[in-house]
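Convention: sequence-line order gives letters A, B, ...; per-chain numbering from 1.
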Number of protein chains: 2
Amino acid sequence: MAELNPTAASLLGFLHGGPASGYDLVGIAEAVIGDFWSLTRSQVYRELADLASRGLIRAQPAGPRAKRPYELTDAGREAFAAWIAEPPGPEQIRYPLLLALSFGSLIDRDRLLGYVGTHRVIHERRLAAYRDVKAAGGRDQYVRATIAFGIRYEEAVLAWIADLPSILTAE
Amino acid sequence: MAELNPTAASLLGFLHGGPASGYDLVGIAEAVIGDFWSLTRSQVYRELADLASRGLIRAQPAGPRAKRPYELTDAGREAFAAWIAEPPGPEQIRYPLLLALSFGSLIDRDRLLGYVGTHRVIHERRLAAYRDVKAAGGRDQYVRATIAFGIRYEEAVLAWIADLPSILTAE
DNA sequence: ATAGCCATGTAACCAGTTACATGATTTC
DNA sequence: GAAATCATGTAACTGGTTACATGGCTAT
């Protein structure tokens, strides 16, 4: 039995909450893990087709608008359990702003600072949004834990941006 | 003229420092941008072949061990300038530990805490390594700025991990 | 009835990873 | 002359993105 990739595994994870269609799953995934695990519609449909062909999920009779909910099978539950029993790998960060910054000596200084300013606004908004979610309370403790990560992360980025002038004007 | 992808663009960026072979570039990239922009050998050789076919770089006569250094062409310099003049996109984070945590209700609690502990050690080591680099000083201000990011980031992750028990024992 | 959104999916491409394969040079 | 390592690259696959295409349902 081939291994699950994390994206497929997360679909199985969400199906523990009951049957859902591809469309539903895209929405759930964006809301719950979208901040640190991106996925696209195409990918979801492809993985669902693959999971179904491997017997890990089963299509239910189509509902209105050809909505095709999938349900977990016992094999799917087992495959998820096997996946989650493996230690999670290291995180991957790809940050184009840092890439641009690495080549700071080849960029016009004002342009570079403009990029940083744009990102500062983005991170301020995200931090505010996370704080709103946190203040609203609710959700399960695990989702709250991921939001706590988001808050720490955004705070760190903003602190770093605040530090930048003193790093970049030196010399 | 098709756009450059960030990986190809970074190769052009490094070639501003003088001719370098694929092997050299892998080493430089890992050292300078590896913490927030991963790339593999295969990718580098493929991008170099592509850049050469587009006239953005030019192979120099091979040295010992078939070492084939490439140099920037004027067109390459222009292409890099055009790339860097575009605002950098949003960062992408893919963090399997957060994914596992999202499904915390489906995991044995001790196992989950074990995963977190493993990552705490990893982040502690990385933070220490960044601080060593910082203390050693030197390098250009832009590289120092990316290291400052790394320090802020690792500190944030560790602070979050320290918070976790209070988030997860509630309820 | 028609406009807008819901919901599905396919196709083509591009980027990233892993595994394989080879030969030259240096060091002992 | 053997072992280690430097340096190159190819092949095959997997995963991720973008663009395209279609039709059903709902609200007005």
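The side chain of A:Thr40 places no N or O atom within less than 4.0 Å of a non-bridging phosphate oxygen (OP1 or OP2) of D:dT18.
Summarising the geometry, the separation between OH on B:Tyr23 and C1' on C:dA24 is reported as 13 Å, rounded to the nearest angstrom. B:Tyr70 places its OH atom 5 Å from the P atom of D:dG9, with the value rounded to the nearest Å. We find that CG of B:Leu11 is positioned 14 Å from C1' of C:dG16, with the value rounded to whole Å.
Remark: A:Arg94 qualifies as a cation-pi partner of B:Trp37 under the 6.0 Å distance and 45° angle criteria applied to the six-membered ring.
Remark on DNA chain D: of its neighbouring residues A:Trp37 and B:Tyr45, the 5'-side contact belongs to B:Tyr45, judged by nearest-heavy-atom nucleotide.
In the set C:dA7, C:dG16, D:dG16, C:dG16 carries the atom at the smallest distance from any side-chain atom of B:Thr7. Here the side chain of A:Gln92 is nearest to one of C:dT17, D:dT17, D:dT8, namely C:dT17. For B:Arg46, counting side-chain heavy atoms from C-beta on, the closest listed nucleotide (C:dG9, C:dT17, D:dT18) is C:dT17. When distances run from any side-chain atom of B:Arg41 to the nucleotides C:dC20, D:dA7, C:dA15, the shortest one goes to C:dC20. Side-chain proximity of B:Gln43 to D:dT8, C:dA15, D:dA11: nearest is C:dA15.
Here the closest non-hydrogen pair linking A:Ala52 and A:Tyr70 is CB-CE2, 4.1 Å. Nearest heavy atoms, A:Gly22 versus A:Leu48: CA-CD1, 3.5 Å.
Under 3.5 Å, the side chain of A:Ser42 and the base of C:dA11 form at least one donor-acceptor pair of N or O atoms.
Relative ring orientation between A:Tyr95 and B:Phe149 is described as perpendicular, the plane-to-plane angle rising above 60° on a 0-90° scale split at 30° and 60°.
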